[in-house]
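Below is one structure, written out as structure tokens; comments come after it.
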Amino acid sequence: MINDLNKVLHKLFKERATLLKSGAPPSVTDQQIRFQPPDPDWGTHVAGLGTRKAVNVYLVDLRENRQLRSNEREQRFENGFWQEDPAPDRVDCHYLITAWSPANDLEDRTRAEHKLLYETIAVLMRSS
């Protein structure tokens, strides 16, 4: 389930995050969108991207969505018999999303990363 969610997020950012695109033709590589802890290994990975910006989407918390909890049973007819299944569990996934820029100047890097974070949020909001 979570891997499928990561695939959806990866596809969204790859197709719609214009600030990640660079080169000719402008494209986003799989290396620019990752799902790993923002640790020293990630910093080393980003340093190897050259002039490309990157987004790291790290799952930090899973919680049951109790508002969507249901005791209802779902019925289905299968092989001549009625089957009952409990309603599916609902889980909220909370991510830490970080943006990374290769700019050398701290002010330029911060500005670029904030723009990328803004765009990342916009992509998510437009896709809800």
Side-chain angles (χ1 to χ4, degrees):
M1 174 189 100
I2 295 173
N3 190 43
D4 290 340
L5 178 57
N6 288 351
K7 288 179 183 178
V8 168
L9 291 171
H10 186 273
K11 183 175 178 164
L12 272 176
F13 294 138
K14 188 169 184 175
E15 292 177 357
R16 300 183 184 176
T18 58
L19 289 176
L20 285 174
K21 296 178 180 177
S22 63
S27 62
V28 178
T29 69
D30 291 338
Q31 301 302 312
Q32 290 176 265
I33 306 164
R34 299 293 287 266
F35 296 82
Q36 67 185 73
D39 58 12
D41 291 339
W42 170 248
T44 302
H45 171 77
V46 170
L49 293 176
T51 61
R52 293 186 174 267
K53 296 177 185 135
V55 173
N56 191 23
V57 185
Y58 181 62
L59 181 64
V60 294
D61 189 28
L62 289 170
R63 294 182 194 181
E64 177 187 11
N65 186 323
R66 292 182 180 178
Q67 289 180 328
L68 296 179
R69 181 189 285 177
S70 173
N71 290 330
E72 292 183 28
R73 313 270 305 162
E74 295 181 357
Q75 295 182 344
R76 59 184 163 80
F77 192 73
E78 188 175 303
N79 297 325
F81 296 98
W82 282 101
Q83 303 287 328
E84 278 194 2
D85 298 314
D89 295 324
R90 307 295 179 128
V91 177
D92 291 334
C93 299
H94 299 259
Y95 286 88
L96 170 66
I97 300 176
T98 55
W100 301 78
S101 170
N104 290 328
D105 180 65
L106 180 61
E107 189 174 317
D108 291 341
R109 184 171 60 238
T110 301
R111 188 175 294 116
E113 290 170 352
H114 285 193
K115 283 181 181 179
L116 187 52
L117 283 173
Y118 177 83
E119 183 181 42
T120 302
I121 293 168
V123 166
L124 290 171
M125 299 304 274
R126 285 192 305 264
S127 302
S128 65

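Small disclaimer: the values here were computed from a predicted structure and weren't measured.
Using a distance-only test at 3.5 Å, with no hydrogens or angles considered, no donor-acceptor pair links the side chain of Asn6 to the main chain of Leu9. Remark: the backbone N or O of Ser101 is not paired with any side-chain donor or acceptor of Arg109 at under 3.5 angstrom. Remark: the backbone N or O of Leu20 is paired with a side-chain donor or acceptor of Gln32 at under 3.5 angstrom.
Nearest heavy-atom pair, Arg16 versus Ser127, reported as atom, atom and distance to 0.1 Å: NH1-OG, 2.7 Å.
Heavy-atom neighbours of Glu78 CD from other residues, nucleotides or ligands within 6.0 Å: above the threshold of 12. Counted within 6.0 Å of CG on Asp39, heavy atoms from surrounding residues, nucleotides or ligands total more than 12; the atom is thus considered enclosed.
Criterion: ILVMFWY side-chain heavy atoms under 4.5 Å apart, direct or through other members. Under it, Val28 and Ile121 are not part of a common hydrophobic cluster. Note: the hydrophobic cluster containing Ile97 does not contain Val60 (ILVMFWY, side chain heavy atoms under 4.5 Å, direct or indirect links). Hydrophobic clustering places Leu117 together with Leu59 (ILVMFWY residues linked when any side-chain heavy atoms are closer than 4.5 Å, directly or through intermediates). Tyr58 and Ile33 end up in different hydrophobic clusters when Ile, Leu, Val, Met, Phe, Trp and Tyr side chains are linked at under 4.5 Å. Leu96 is not connected to Val123 by any chain of hydrophobic side-chain contacts under 4.5 Å among Ile, Leu, Val, Met, Phe, Trp and Tyr, and they are in different clusters.
Residues satisfying the salt bridge (charged side-chain N to carboxylate O under 4.0 Å, His left out) criterion with Asp105, sequence neighbours excluded, are absent altogether. With sequence neighbours left out, the side-chain hydrogen bond (donor to acceptor under 3.5 Å, both in side chains) criterion links Thr98 to Trp100. For His45, the side-chain hydrogen bond (donor to acceptor under 3.5 Å, both in side chains) criterion is met by Arg34, not counting sequence neighbours. With sequence neighbours left out, Lys11 forms a salt bridge (charged side-chain N to carboxylate O under 4.0 Å, His left out) with Glu15. The side-chain contact (heavy atoms from CB on, under 4.5 Å) check on Glu72 picks up Ser70, with sequence neighbours excluded. With sequence neighbours left out, the side-chain hydrogen bond (donor to acceptor under 3.5 Å, both in side chains) criterion links Asp85 to Arg76. Under the side-chain hydrogen bond (donor to acceptor under 3.5 Å, both in side chains) criterion, Asp61 pairs with Arg63, sequence neighbours left out. In this view, Pro102 and Lys53 satisfy the side-chain contact (heavy atoms from CB on, under 4.5 Å) rule, not counting sequence neighbours. Checked against side-chain contact (heavy atoms from CB on, under 4.5 Å), Glu64 has the following partners two or more places apart in sequence or in another chain: Arg66, Arg69.
Within the structure, salt bridge (Lys or Arg N to Asp or Glu O under 4.0 Å) pairs that include any residue of residues 110-127 comprise Glu107-Arg111, Asp108-Arg111 (at least two apart or interchain).
In this pair, Phe35 and Tyr95 present their aromatic rings perpendicular. The plane angle is above 60°, beyond the 30 to 60° band.
Here Phe77 is tied into one hydrophobic group with Trp82, each link being a pair of ILVMFWY side chains closer than 4.5 Å. Other members of the cluster containing Tyr118 do not exist, because no ILVMFWY side chain is joined to it at under 4.5 Å.
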Please determine whether side chain to side chain contact (heavy atoms under 4.5 Å, CB included) holds for the pair Ile2 and Leu62, giving the CA-CA distance in whole Å, both sets of side-chain angles, and the decisive distance to 0.1 Å.
CA-CA 10 Å; Ile2 295 173; Leu62 289 170; 3.8 Å; yes
For side chain to side chain contact (heavy atoms under 4.5 Å, CB included), just list the numbers for Val46 and Asn56, CA-CA rounded to whole Å, side-chain angles, deciding distance to a tenth of an Å, and then say yes or no.
CA-CA 10 Å; Val46 170; Asn56 191 23; over 6 Å; no
